[in-house]
Amino acid sequence: MSSIASINNPTGTRISQERVLVLDFGSQYSQLIARRVREQNVYCEIVRHDISPERIREHSARGLILSGGPSSVYESGSPQCDPGIFELGIPVLGICYGMQLACDALGGEVRNTPSREYGRARCRIKSPNELFDGLPEETDVWMSHGDQVAQVSSNFIPLAETDTCPIAAVRHCDLPVFGLQFHPEVTHTDLGKQVLRNFLVRICECNGTWKLGDFANETIESIRQQVGSSRVICGLSGGVDSSVVAALLYKAIGSQLTCILVDNGLLRQNEAETVIEEFTNHFETDLHVVDAEEIFLERLAGIEDPQEKRTLIGHAFIDCFQAEAAKVEDARFLAQGTLYPDVIESGAAPDGPAATIKTHHNVGGLPDELGFHLIEPLRDLFKDEVRQLGLELGLPEELVWRHPFPGPGLAVRCLGAVSKDRLETLRHADNIVVSEIKNAGLYQKTSQAFAVLLPVQSVGVMGDARTYENAAVIRCVDTDDFMTADWSRLPYDLLAKISTRIINEVKGVNRVGYDISTKPPATIEWE
Ligand code: XMP
């Protein structure tokens, strides 16, 4: 079994020799491209657009994919790649901006076209090529561009066209360089999967042998080596990421694992109890539960500003965690459920794309000063891969499919000042939202569903009496990556049932709204 440090995780334990790199030029789809490649069982990482040819060679990449991006290749300051990457002999697939860049570097002219193309287009294959093996002559593709390649030199062969884009795909005559103006990674490109597969298997000659099962075995083995006989602490939140980390660690080191669950009083209904039950049923771990509700609520009293709430919660969490961790003897390692998107977004990967830091997602993270060595076994995985891994490790479906829950918990859904009573009202309403969506069989079809309690009162009538009580909102979204999201088109009957139940059963709520905002410009959470 071989183990190579991944490009983005030099200290980690990595794996697959068959790897493809996505050079990121700022596309919203870069992560999607990487996921699509991994779906073909080829290990894939996202790296900076200006990665050097030497670095690529060092990591023996089988193929390179140049992502799309919002810039124009002819603008000064637009992100460029090192032209040396085209001389490595490694197959290159440029997508949208990536294609324009490859053509620009190797003899083509890119222009801003009068007919920008956004959305579905009919693509006609003009010249048969292994990239299009198995495709019919005409197929629907997804376009999203203002610029396009207007002309190519005789070094390139145009492969396909649409009504408004005469050069919708190209290949270089001598070098293994290909370009697609459309996006094969989005599901609206009917046969995009096949095109990517052709690139990976026929052109890059990948065997597609990367499997999550191998990942688990290799990770378990490497954790054993790294930890030796020391003790590892793992913070549990009840979410899928920390549970999968705990499961991996348990398989690797069994009784050397201590889990700490900080019950901050901001958890959902029965959440702490469920986590404790699930964990004690599945693992015989040393589980410490810190009852910290009082500390959190005291510090939060009267605080209305969302950022201030987050900061206070972050600090309180660190204090509680640290105090409990200090009671664990011989603990040298701390395991965290950092995922690949977090690594990418925080700019923590040495070769990763430029940073866009989502500070709020770091709340609940633990500072270096705690003095632990970090173990982050999921830092190369996407959320859906983590879920798959959780199932392979035998975690219950109920836990694996749980919707994400933010570190600051119900505090960012209880708008305005947080109090025990208001949290109780929200908890009750939230439980109705989630359980009715589960009853309707829609929980796994939606990405995140919850209730929000507003600091607003409105007039109502109950029985014969006038009421003046709180308004609550149902938020339910569909999303692939949580960076963009659409509101779920829940059936009216289901919304009616949830609303009736909340108004009848939750004391203090007399009005229910449904949030129909997309992200952007709204966010998923209300604070
Ligand atoms: P937004 O609200 O930014 O949320 O659209 C995107 C995803 O991130 C979660 N989220 C958080 N997670 N700490 C977290 O650990 C936070 O402070 C935080 N804020 C938002 C949110 O639930 C959604 O899944």
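For ligands, and for the atoms within them, numbers begin at 1 and follow the listed sequence.
Shown in contact with Phe482 at under 4.0 Å from a heavy atom are these atoms of ligand 1, numbered in order with element: 6 (C), 24 (O). Close contacts between ligand 1 and Pro408 involve ligand atoms 13 (N), 16 (C), 17 (O) [criterion: under 4.0 Å to a heavy atom]. Residue Thr523 has at least one heavy-atom neighbour below 4.0 Å for each of these atoms of ligand 1: 1 (P), 2 (O), 5 (O). For ligand 1, the atoms sitting less than 4.0 Å from at least one non-hydrogen atom of Lys519 are 1 (P), 3 (O), 5 (O), 6 (C), numbered in the order shown with element in parentheses. Ligand 1 places these atoms under 4.0 Å from at least one heavy atom of Gly407: 12 (N), 13 (N), 14 (C), 15 (O).
Evaluated for a side-chain contact (heavy atoms from CB on, under 4.5 Å) with Arg268, the options Thr274, Asp430, Leu426 yield exactly one hit, Asp430. The residue from Arg310, Arg413, Lys309 that alone fulfils the salt bridge (charged side-chain N to carboxylate O under 4.0 Å, His left out) condition with Glu525 is Arg413.
Under a 4.0 Å N-O distance rule, the pair Asp478/Arg489 does not qualify as a salt bridge.
Not a single N or O atom of Pro404, backbone or side chain, sits closer than 3.5 Å to an N or O atom of ligand 1. Residue contacts with ligand 1: Arg413 is placed with no nitrogen or oxygen under 3.5 Å of a nitrogen or oxygen of the ligand (distance criterion only).
Note: His403 and Phe450 fail the aromatic proximity criterion, with ring centroids not under 6.0 Å apart.
Taking CD1 from Ile223 and CD from Gln256, the interatomic distance works out to 11.5 Å, rounded to the nearest 0.5 Å.
Cation-pi geometry between Arg38 and Tyr340 is met: the NZ or CZ atom falls under 6.0 Å from the ring centre, inside 45° of the normal.
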